[in-house]
Amino acid sequence: MAYNYSAIALAQFLSMPVSIFYLSLVTRVLGVEKFGQLTIFLAVVQFFFCVFINWSRNSIIRFGSEAFAKEKNLGKIIGSQGLIMFGFFILAVLLLGIMRDYFGNILGLGKQAYLWVVLYLAAYILSDFILQFLKVRHKMRSYALAIFLRQIILLLVFSLMFFVFKFTPFVTNVIIVEIISYLSILAIFFVIAFPHKRILSSISYSNDTAKEILRYSWPVMIMMILGYSMMWTDIWMIKFFLTPSAVGEYAAANRLMQLVEGIIMPASIVGLPLVVSLRTVGADSLVHTFATKIVPQLCFFWSFVVVALLLASGKIVYFIFGENFAASGIVFQVFLLGLSFQVLSVLYTSILQAYDWTKKMAYIAGVCVVVNILLNIVLIPRWGINGAAVSKTCSLIICGLLYARSARSCIKVPKDNYIVYFFLLIPILLAISLRIFHANSIRLLVIIVVYGLTIIFIKKTKIFSKEAWLFWEKIKMPVFARSLFKKIYGVFT
């Protein structure tokens, strides 16, 4: 049951500067308007991925982790899931073919749009399926290596294409670069992380397994469509109400937010197979510890990241994107407040999926989508891209709170246990102080006071208890990392 969180965290940490550098190059090479065009292309690809593929992909983790824990055999899961995904991919290709002229006009790529969307979608699906398989097999180091090498290849191919061979900065050329990077994961899998041949020989299709996957996944289909709406509605509405340049400005801040979110995503990547395994072996007490102790701890550590980014957000945006994307700065600041609550969705989704509360997740996604759409309709015409940022942030806050309430109800955490929410107030309080006080000395004093009171609160509530440390023992780390983390942990015990 020990999962190599540190390998994934390290890969995310190393990938982030590479991803930021790549994002900086793309925005500077394409410019504001063409970057907006690329964003619309990705919005179309993600639509087909969410509607036809993404809704069933979590079943690989859900049922694969269970099968691997019991039987060490993933043949039926891989075969059944693979056939389902292939069938729905064909449906997506057919629908794209029927609507090729419509999408060509939206994307500004003419009849070529059909080919580019199909190729990008196929490469994305293949790479994602391989990554999901590695997670189920608990090959976290291979997973982390594939993620990191994909970013390196992405940057190298882009640099060669535009700075060595001097390709014209067309959106289609950037699409080619991204397709190559996704296909590289397939190559990495066969060269580095390819499992024993007996695994491939055991792949088979089972009607019962397929039915079980579909039964589990159909509520997730609704949730994924709603999730897409929450993540991409603002892009489509900005395109409708404003200009392509506004799409580019907003999208730059949105991509930067997603990169920051990647810091906490390893917790979700490791969390689901870990919680599924704990539930399978009957270790519900450790799941309870995760919800009541580990999540508040991670929210506390996450607040440091959010606050640091809030303090430096203006300089960060200017450094990465340049003066042409100056309007992205305020958008990014607003997004950071939403990310302070997004951590709840990331952490608690593992519990809801492991305990098959997917219908509840779909309900929460529906509520957040409605809020997001209504606020976008009202705020975008008035405040422009800042209104879209406020809309998304409100949706992220509501989503995080509802996820927390549902997950804690799922495992019967007492309703009066509200400790986790306290840590979410830290970035908000400090963001308000940044707006009120302009002197750096006063800002520093406010930060010291807020975190001083927080540490006193931690000591009193025993969030960092010795009992909670037993959960961290389940997470595999390098010796030096565990030693350092244990010392930090001991400060708050």
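Bear in mind the structure is a predicted one, so any value in this text is a computation, not a measurement. The figures that follow rest on heavy atoms only: side chains count, while hydrogens, waters and symmetry mates do not.
No more than 12 heavy atoms of other residues, nucleotides or ligands lie within 6.0 Å of CZ in Phe21, so this atom counts as exposed by the packing criterion.
Using a 30° and 60° split on the angle between ring planes, Phe52 and Phe88 fall in the tilted class, from 30° to 60°. Taking the six-membered ring where tryptophan is involved, the planes of Phe89 and Phe86 are tilted, since the angle between them lies from 30° to 60°.
Counting only distance, with no hydrogens or angles, the side chain of Ser340 and the backbone of Leu337 share a donor-acceptor pair below 3.5 Å. Checking side-chain atoms of Lys34 against main-chain N and O of Pro169 turns up a donor-acceptor pair under 3.5 Å. When atom types are taken as modelled, the side chain of Ser80 and the backbone of Ile77 share no donor-acceptor pair closer than 3.5 angstrom. Using a distance-only test at 3.5 Å, with no hydrogens or angles considered, a donor-acceptor pair links the side chain of Trp302 to the main chain of Leu339. Judged by distance alone, the side chain of Asn376 and the main-chain N or O of Asn372 form a donor-acceptor pair under 3.5 Å.
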Could you go step by step and tell me if Tyr205 and Gln81 meet the side chain to side chain donor-acceptor pair (under 3.5 Å) rule? CA-CA 8 Å; Tyr205 174 80; Gln81 175 62 26; over 6 Å; no

Stepwise, does the side chain to side chain contact (heavy atoms under 4.5 Å, CB included) test hold for Leu298 with Leu347? CA-CA 9 Å; Leu298 293 174; Leu347 295 174; 3.6 Å; yes

Gln333 vs Ser313, side chain to side chain donor-acceptor pair (under 3.5 Å): CA-CA, chis, key distance, verdict: CA-CA 6 Å; Gln333 289 179 351; Ser313 57; 2.8 Å; yes

Start with the C-alpha gap between Glu178 and Tyr120, add the side-chain angles, then the distance that decides, and say whether side chain to side chain donor-acceptor pair (under 3.5 Å) holds. CA-CA 8 Å; Glu178 300 223 354; Tyr120 194 105; 2.7 Å; yes

Evaluate side chain to side chain contact (heavy atoms under 4.5 Å, CB included) for Tyr355 paired with Val287, printing each intermediate quantity in order. CA-CA 11 Å; Tyr355 284 81; Val287 178; 3.8 Å; yes

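At a threshold of 4.5 Å between non-hydrogen side-chain atoms, the residues Cys299 and Leu344 count as touching. At a threshold of 4.5 Å between non-hydrogen side-chain atoms, the residues Leu25 and Phe163 count as touching. Side-chain contact between Phe158 and Val29: present, with at least one pair of heavy atoms (C-beta onward) separated by less than 4.5 Å. Between Met361 and Ile364 there is no side-chain heavy-atom pair separated by less than 4.5 Å. Contact of the Phe162 side chain with the Thr168 side chain is not registered, since no non-hydrogen atoms from C-beta on lie closer than 4.5 Å.
A side-chain contact (heavy atoms from CB on, under 4.5 Å) with Gln258 is found for exactly one of Leu256, Val260, Asn254, namely Asn254.
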In residues 101-113, what donor-acceptor pairs under 3.5 Å come from side-chain atoms, sequence neighbours left out?
from	atom 1	to	atom 2	distance (Å)
Asn105	ND2	Asp101	O	3.2

Pair up each side-chain donor or acceptor in residues 377-388 with any protein partner under 3.5 Å, not counting sequence neighbours, and list the distances.
none

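Because its NZ or CZ atom is not both nearer than 6.0 Å to the ring centre of Phe321 and within 45° of the ring axis, Arg28 does not count as a cation-pi partner of that residue.
Within the structure, side chain to side chain donor-acceptor pair (under 3.5 Å) pairs that include any residue of residues 315-326 do not occur (at least two apart or interchain).
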